[in-house]
Amino acid sequence: MYKLIRPLLFAMQPEKIHDLVVNGLKILRDVPLARACVRMLFNYKNSKLEREVFGVTFKNPVGLSAGFDKNGDIYNDMSDFGFGFIEVGTLTPKPQDGNPQPRCFRLLKDEAIINRMGINNKGVKYAVSYIKRHHPNCVIGASITKGKDTPVEQAAKDYEICFEYLYDIVDYIALNVSCPNVKDLYKLQDVTNLSEIIDKLLELRRMYDDYRPILLKISPDIPYTQLDEIIDTILVSGLDGVIATNTTISRDGLKTDNKTLDAIGNGGLSGAPLFKKTLDFVSYIARKTGGSLPIIASGGIMSPQQAKQMLDAGASLVQVYSGFIYNGPGFVKKINKYLVKNIK
Ligand SMILES: Cc1cc2nc3c(=O)[nH]c(=O)nc-3n(C[C@H](O)[C@H](O)[C@H](O)COP(=O)(O)O)c2cc1C
């Protein structure tokens with residue numbers, strides 16, 4: 001069914017259709033029974049899917065990656081599509097517009113997306129105010145990062161601000177240090193910069209009665225030597241897990257021609273071409289940590305079989321973004337049904 005209407009949806013610019021969907025979901029809230037119908041169609045429950053990871057109970061292991069619910073105001077609507085958890089954000093201390101449009105492009109031949117949104121969001125205070133007024137009926141994580149104009153040396157302060165606003169109202173916090181569309185953000189993956197941020201947040205966490213897991217989202221573009229250093233930093237500091245991975249700046253092996261790619265320009269690539277790199281990272285981290293570090297696999301999961309491959313490689317949870325765009329609203333249910341049939 002979705003495959004039939006997809007060409008119509010894909011005739012529009014990706015960001016336009018995303019805005020339409022977000023606004024459409026908000027309108028559906030006022031249509032009697034609409035959300036119940038969505039839940040009836042797309043939700044799938046089975047106790048075999050439930051799991052506890054970093055102290056949080058998930059009804060199923062399939063989450064929505066950061067970047068879809070950018071402002072943290074459609075997590076309940078999106079959970080109707082069967083997601084086990086929603087990662088809202090990425091949020092910054094102040095609202096920011098992101099890069100000029102157009103900034104999001106589909107590569108149909110590759111089942112991929114290139115985006116250079118630049119962390120456009122309404123700011124952490126907007127999200128906090130919304131979440132406080134609308135109790136989440138699913139697990140929600142919040143992805144946070146520094147503001148675009150904040151120099152790398154002062155980045156820790158921005159993470160602290162977002163962290164303190166969100167601590168009491170979300171289930172976990174993800175540190176985005178890997179978005180390729182924010183100038184110099186990748187530098188925060190250098191262990192000196194990273195340790196400063198992590199140490200500050202862990203110190204802050206000790207002041208709270210409740211425990212919130214903190215995860216680090218890494219880039220697929222870092223070399224393995226740097227990945228080793230990051231894993232060591234995570235293990236020594238006591239961070240709770242890793243999200244592997246964000247989008248890539250690589251254009252290797254794409255079917256889309258160079259002329260089209262040149263016309264699109266810079267941006268992070270997601271979707272099918274990212275799968276192998278993500279799977280390699282997930283397997284490597286799981287092996288290196290002996291399975292002791294919870295991993296959320298994010299990148300290129302375009303089929304239920306690929307979701308299972310990530311879990312088999314050592315991920316505790318998976319996240320999808322491009323797969324949801326290309327496969328449609330039934331994708332999460334399809335993955336979960338497949339997992340129930342195939343999980344031993
Ligand atoms: C349009 C778009 C916007 C995104 N925005 C964010 C973001 O704000 N923060 C973040 O951590 N990741 C962001 N991502 C990356 C996704 O969360 C995910 O890690 C990546 O797309 C790989 O997964 P996929 O292949 O399933 O799409 C974005 C991805 C896309 C396509």
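Every heavy atom of this structure was used, including side-chain atoms; hydrogens, water molecules and symmetry mates were not. Every number for a ligand or one of its atoms is a count from 1 in the order of the listing.
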Next on the checklist: Over 60° means perpendicular and under 30° means parallel, so tell me whether Y208 and Y167 are parallel, tilted or perpendicular.
Outcome noted: parallel
Next on the checklist: I need the atoms of ligand 1 closer than 4.0 Å to a non-hydrogen atom of G300, numbered in the order shown.
Outcome noted: 24 (P), 25 (O), 26 (O)
Next on the checklist: Which residue and atom name correspond to the protein heavy atom nearest atom 4 (C) of ligand 1, and how close is it?
Outcome noted: G67 CA, 3.7 Å
Next on the checklist: Students often mix this up, so state it plainly: with edges at 30° and 60°, are the rings of F58 and F54 parallel, tilted or perpendicular?
Outcome noted: perpendicular
Checklist entry - What part of N246, side chain, backbone, both or neither, has a heavy atom within less than 4.0 angstrom of ligand 1? => result both
Checklist entry - Is any N or O atom of G271, backbone or side chain, closer than 3.5 Å to an N or O atom of ligand 1? => result yes
Checklist entry - Should C179 be listed as contacting ligand 1, given a heavy-atom distance under 4.0 Å as the test? => result no
Next on the checklist: Tell me if the aromatic rings of F83 and Y75 count as close, with their centers under 6.0 Å from one another.
Outcome noted: no
Checklist entry - Can D97 and K148 be counted as an ion pair, charged N to O under 4.0 angstrom? => result no
Checklist entry - T92 pairs by side chain to side chain donor-acceptor pair (under 3.5 Å) with which of D158, T145, N121? => result N121
Checklist entry - For ligand 1, is there an atom lying under 4.0 Å from some heavy atom of M302? => result no
Item to check | Result of checking T278, D280, I222 against T245 for side chain to side chain contact (heavy atoms under 4.5 Å, CB included) | outcome: T278
Next on the checklist: Quick test of your reading of the model: are K277 and D221 salt-bridged, counting only N-O distances below 4.0 Å?
Outcome noted: no
Checklist outcome for this item: atom 7 (C) of ligand 1: closest protein heavy atom, distance to 0.1 Å, is T90 OG1, 3.5 Å
Next on the checklist: Suppose we measure from atom 1 (C) of ligand 1 to each protein heavy atom; which comes out shortest, and what is that distance?
Outcome noted: Y321 OH, 3.4 Å
Checklist entry - What is the nearest protein non-hydrogen atom to atom 13 (C) of ligand 1, stated with its residue, atom name and distance? => result A66 O, 3.2 Å
Checklist entry - Under 3.5 Å, is there a donor-acceptor pair between the N115 and T247 side chains? => result no
Next on the checklist: Please tell me whether M12 and I114 are part of a single hydrophobic cluster in this structure, the criterion being side-chain heavy atoms less than 4.5 Å apart.
Outcome noted: no
Next on the checklist: Using a 4.0 Å cut-off to any heavy atom of T247, which atoms of ligand 1 qualify?
Outcome noted: 15 (C), 20 (C), 21 (O)
Next on the checklist: Under 4.0 Å from a heavy atom of K70: which atoms of ligand 1 are those, numbered in the order shown and with their elements?
Outcome noted: 5 (N), 8 (O)
Next on the checklist: Distance under 4.0 Å to a non-hydrogen atom of T245: what atoms of ligand 1 satisfy this?
Outcome noted: 19 (O)
Checklist outcome for this item: If you scan protein heavy atoms around atom 30 (C) of ligand 1, the nearest is N115 ND2, 3.3 Å
Checklist entry - Can you list the ligand 1 atoms lying under 4.0 Å from a non-hydrogen atom of S322? => result 24 (P), 25 (O), 26 (O), 27 (O)
Next on the checklist: When you measure from the centre of the six-membered ring of Y172, is the NZ or CZ of R212 closer than 6.0 Å and no more than 45° off the axis?
Outcome noted: no
Checklist outcome for this item: One finds that the ligand 1 atoms under 4.0 Å from a non-hydrogen atom of N176 are 9 (N), 10 (C), 11 (O)
Checklist entry - Hey, would you say the H18 and F68 ring centroids sit under 6.0 Å apart? => result yes
Next on the checklist: Out of all atoms in ligand 1, which are within 4.0 Å of some heavy atom of K217? Include the element for each.
Outcome noted: 10 (C), 11 (O), 12 (N), 15 (C), 16 (C), 17 (O), 18 (C), 19 (O)
Next on the checklist: Check contact between T278 and ligand 1, using heavy atoms of the residue and a distance below 4.0 angstrom.
Outcome noted: no
Checklist entry - Got the closest protein heavy atom to atom 21 (O) of ligand 1, with its distance? => result S270 CB, 3.2 Å
Checklist entry - With atoms numbered from 1 as shown, which atoms in ligand 1 lie under 4.0 angstrom from a non-hydrogen atom of S298? => result 18 (C), 19 (O), 22 (C), 23 (O)
Next on the checklist: I'd like to check S237 versus L202 (side-chain heavy atoms, cut-off strictly below 4.5 Å). Are they in contact?
Outcome noted: yes
